[in-house]
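By convention in this document, chain letters (A, B, ...) are assigned in the order of the sequence lines, proteins followed by strands, and residues within each chain are numbered from 1.
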Amino acid sequence: MFKNQKTLAVARNLIGKILVRRVGKRLIREIITETEAYVGPHDLACHSSRGRTKRNEPMYDEAGTIYVYFTYGMHWMLNIVTEETGFGAAVLIRATENFKGPGRLTKALKIDGSLNAKKLGKKSGLWIESEDNKANQAKKLIRTPRIGISYSGPIWSKKLYRFVLRD
DNA sequence: ACCGTGATTGAG
DNA sequence: TCAATCACGGTT
């Protein structure tokens with residue numbers, strides 16, 4: 001699903017799907033309720049817009065790669081890489097049903113830099129359940145501008161690239 | 001509205 | 001080197 005769709009479509013379609021995290025023997029299953037699309041190097045809010053750096057290197061790997069980075073001295077952000085290898089686009093998972101906010105989500109699911117650049121799947125212990133669920137079939141989406149990216153200027157900061165599942 | 005917190009970045 | 005910034009969250 002990450003390879004064959006545009007980043008915006010991936011962001012939209014991830015809403016309502018189930019994010020699964022293995023921590024020890026336990027599986028945490030969470031319905032994704034909020035995502036944001038970072039659509040490529042032309043998108044001034046996207047990390048790839050300023051070229052390849054050590055931090056954003058995983059964004060240039062194949063679709064389905066996990067891109068986790070640390071910000072504000074405290075928080076890990078979880079992204080899934082999209083589009084063609086070498087392009088530099090991703091979807092930020094901002095929240096699930098029980099964990100609102102990207103920093104709280106990663107904390108709850110024990111997601112940190114050790115997952116960076118790994119692939120979604122059983123091996124890494126983080127994946128998306130392929131089956132749709134009821135919430136996905138009946139999903140009612142709201143689109144808004146992305147959060148916390150005012151630095152990207154008047155055009156990109158206004159794009160409706162954030163998707164939220166209506167409560 | 002303000003600030004903690006520390007890695008990352010780009011400028012010098 | 002170094003200062004500014006930051007895809008946040010908790011508190012005032």
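When each of A/Leu115, A/Leu78, A/Asn79 is paired with A/Tyr67, the side-chain contact (heavy atoms from CB on, under 4.5 Å) condition holds for A/Asn79 and for no other. Partner of A/Thr7 under the side-chain hydrogen bond (donor to acceptor under 3.5 Å, both in side chains) criterion, chosen from A/Glu36, A/Arg12, A/Glu83: A/Glu83.
For A/His75 against C/dA7, no side-chain N or O and base N or O form a donor-acceptor pair under 3.5 Å.
A/Tyr151 has its OH atom 8 Å from the C1' atom of C/dC6, to the nearest Å. Atom-to-atom, NE2 of A/His47 to P of B/dA7 comes out at 16 Å; the value is rounded to the nearest Å. The separation between A/Arg104 atom CZ and C/dT11 atom C1' is 13 Å, rounded to whole Å.
Across all strands shown, C/dT5 pairs with B/dA7; the Watson-Crick or G-U wobble distances both stay below 3.5 Å.
Using a 5.5 Å limit on the distance between ring centres and a 30° limit on the angle between planes, the aromatic ring of A/Tyr38 counts as stacked on the six-membered base ring of C/dA7.
Residue A/Arg55 is in sugar-phosphate contact alone, with no base atom involved, counting any heavy-atom pair closer than 4.0 Å across all strands shown. Residue-level contact check: A/Ile147 touches the backbone only, with heavy atoms under 4.0 Å from sugar-phosphate atoms and none from bases. Among the atoms of the strands shown, only primed sugar atoms or phosphate atoms (P, OP1, OP2) are found under 4.0 Å from some heavy atom of A/Met77.
The minimum heavy-atom distance linking A/Arg143 with A/Leu160 is given by the pair NH2-O, 2.6 Å.
Ring pair A/Trp156/A/His42 is perpendicular by interplanar angle, where above 60° counts as perpendicular and below 30° as parallel.
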